[in-house]
Structures are given as C-alpha cells and as structure tokens.
Amino acid sequence: MAPPKEFSDLDYVMGTAGQTFRAIVGGGEGESADSPRPNRPAAPPTPPPTPPPAAAGAGGRGAAPAGGGGGGGFGATVQGLSIVKPPYGQIVGINLDKGELMWSTPHGDTPDGVRNHPALRGVNIPKTGQSGNVGVVVTKTLVIAGDPIVTTTPEHPRGAMLRAYDKNTGKEVGAVWMPAQQSGSPMTYMVDGRQYIVVAVSGGNYSGEYIAFSLPASATRTPTGGQ
C-alpha cells in the first residue's frame, strides 16, 4: 500500500490495499526522554467487528477465561496452554549442497506462562523454545541469536539470552544475559584484533538500545579469521 509522504518516501510499504494506513512501532520506541514518540496523524477508529452468535452453553476447557488472557500468545489453547506441540521455535542447520536438514535445536527458554502453569505443576518440561522471528549472525564456527521473549528462570533474572550454537551440530556452546529480548539482527566486527558482537534489544517498557559483547582481553587471541 502507499504510505503517507510524512512517513516514508517509498512508493509502497507492506500492508493491505484499501485499508487505512497505520504504523506499527517496535517495542520500546518513544519511551525514553531523549527519544519521544514521533507525532503522526491519528488513524480513524476502526469499528469493532460483529461478534458471532454465542453457542448455548459456550465455555469448557478450550474457552478463554473471563477477562481475557486465554490465548497466551499461541492461538488456540486449552486452559491457556497452546494446543501446538513444542518446540515453539527452533534454529535449524540445512546442508544447501544436498538440501538436507542437518540439525535442529529449540531456541529460547520455556516461556514463563508454560513453565509456571498450574496444570503443569510437578511436570519436568524440556526446553520448548520460543515463538517469534529473530535474525542470526553466522561466523566461521558459530550461529548466534537472541531470545525473542523475556523469561525468568532459576538460571537467570528476568531478561533474555544471547545464545551461540555450534554451526556443525547445533549444540548450544554459550549464552549471555540481556535485559530485554532481541529486536534487531546481531552483527559482528573486529577492532584491534578483538572481536565484538552487537545486538539491538527492546520490549515492553524497556527502551531500545544496542549492546556490544566481547571476550575479556585475557581470553582473546589473535585470530586468523572471524570466529
């Protein structure tokens, strides 16, 4: 669809032709004092859809609880739990020469709403991964990506993890904590022989920012190429 000229000089942006233009902002945009939310014309209110007629005796195990919260972010649910079998999100390695799937691994900790659900109390839930799309950076030996949602686990405070996987096997070989989920693709660069990884994070009431990681100087070595 064609955007307003004050929004973009592109002829077309993603949208549905014939619908009123509405900008979707990223998590944390305009939440800091030095970066206020841009003033944009308010879109006219959309009339609420006509609800379908309620079936007699509607409710039961698959119904959303009163006051909302029945979806849990996964769509169709039973008692607030997704009917879709985990993993909810994976990173996969594909051999492009052969067109074969070489490995797959769940990406991200089990969401809090699943791990702490009363119906699953006492159940040992393996790592489910998380729904959501995130960019990756691939180096000579690693695939690196951050979690798409925040969690609170016995291993780390509320936040998300930036994870590194062995490129040949998919095994997680390291992770570092971030205060919010990944909101932009990571990248890597080198300065004075020291390699850095920088990633954008934001979400909820956490303003967007870039975070750069590197190994301590005592742990680095002079590489022959990006690792």
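No experiment lies behind these values; they were computed from the predicted model shown.
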Q: Compare every heavy atom of Ala180 with every heavy atom of Ala160, then report the nearest pair and how far apart it is.
A: CB-O, 3.6 Å
(Q) I'd like to check the side-chain hydrogen bond (donor to acceptor under 3.5 Å, both in side chains) partners of Lys127; sequence neighbours left out, ordered by chain and number. (A) Glu172
Q: First locate atom CG of Asn133, then atom CD of Gln182, and finally report the distance between them rounded to the nearest 0.5 Å.
A: 11.0 Å
Q. Are Val173 and Leu162 grouped together when hydrophobic residues (ILVMFWY) are joined by side-chain heavy atoms under 4.5 angstrom apart?
A. yes
Q. Looking at side-chain heavy atoms only, is the closest gap between Thr141 and Asp166 below 4.5 Å?
A. no
Q: Check whether any side-chain heavy atom of Ile211 lies under 4.5 Å from a side-chain heavy atom of Pro179, and answer yes or no.
A: yes
Q) Do Val198 and Phe213 come close enough that some side-chain heavy atom pair is under 4.5 Å? A) no
Q | Closest non-hydrogen atom pair between Ala164 and Leu142, with its separation | A | CB-CD1, 4.3 Å
(Q) Nearest 0.5 Å, please: how far is OG in Ser131 from CD in Gln90? (A) 12.5 Å
Q. How long is the gap from CD on Glu209 to CE on Met178, to the nearest 0.5 Å?
A. 10.5 Å
Q | Distance-minimising heavy-atom pair for Pro126 and Thr110 | A | O-OG1, 3.3 Å
Q: Please tell me if the side chains of Tyr210 and Val199 come closer than 4.5 Å, counting only heavy atoms from C-beta onward.
A: no
Q. Are Tyr88 and Ile125 connected, step by step, through hydrophobic side chains (Ile, Leu, Val, Met, Phe, Trp, Tyr) whose heavy atoms are closer than 4.5 Å?
A. yes
**Q.** Flag side-chain contact, heavy atom, 4.5 Å: His107 against Gln130
**A.** no
Q) Is a salt bridge present between Asp109 and Arg115, judged by a nitrogen-to-oxygen distance below 4.0 Å? A) no
Q: Spell out, as yes or no, whether a donor-acceptor pair under 3.5 Å connects the side chain of Lys167 to the backbone of Val138.
A: no
**Q.** Worked verdict on Val143 versus Ile91 for side-chain contact (heavy atoms from CB on, under 4.5 Å)
**A.** CA-CA 9 Å; Val143 177; Ile91 290 182; 4.3 Å; yes
Q) So, Thr152 side chain and Asp112 main chain: donor-acceptor pair closer than 3.5 Å or not? A) no
Q: Check whether any side-chain heavy atom of Met102 sits under 4.5 Å from a side-chain heavy atom of Thr169, and report yes or no.
A: no
Q. If you round to the nearest 0.5 Å, how far is CG of Asp147 from CD of Gln181?
A. 9.0 Å
Q. If you look at every heavy atom in Gly129 and Pro106, which pair is closest and at what distance?
A. N-CB, 3.8 Å
Q) Are Val136 and Val176 linked, directly or through other ILVMFWY residues, by side chains that come within less than 4.5 angstrom of each other? A) no
Q: State which residues pass side-chain hydrogen bond (donor to acceptor under 3.5 Å, both in side chains) with Glu155; sequence neighbours excluded, sorted by chain then number.
A: Thr153
Q) Under 3.5 Å, is there a donor-acceptor pair between the side chain of Trp103 and the main chain of Lys171? A) no
**Q.** Between CG on residue Leu81 and CG on residue Leu120, distance to nearest 0.5 Å
**A.** 5.0 Å
Do any side-chain atoms of residues 184-193 form donor-acceptor pairs under 3.5 angstrom with protein atoms, and if so which ones, sequence neighbours left out?
| unit_1 | atom_1 | unit_2 | atom_2 | d |
| --- | --- | --- | --- | --- |
| Thr188 | OG1 | Gln195 | NE2 | 2.9 |
| Thr188 | OG1 | Tyr196 | O | 2.8 |

(Q) If you define the side chain from C-beta out and look only at heavy atoms, does anything of Pro148 sit under 4.5 Å from Val134? (A) yes
Q. Between atom CG of Leu215 and atom CD1 of Ile197, what is the distance when rounded to the nearest 0.5 Å?
A. 8.5 Å
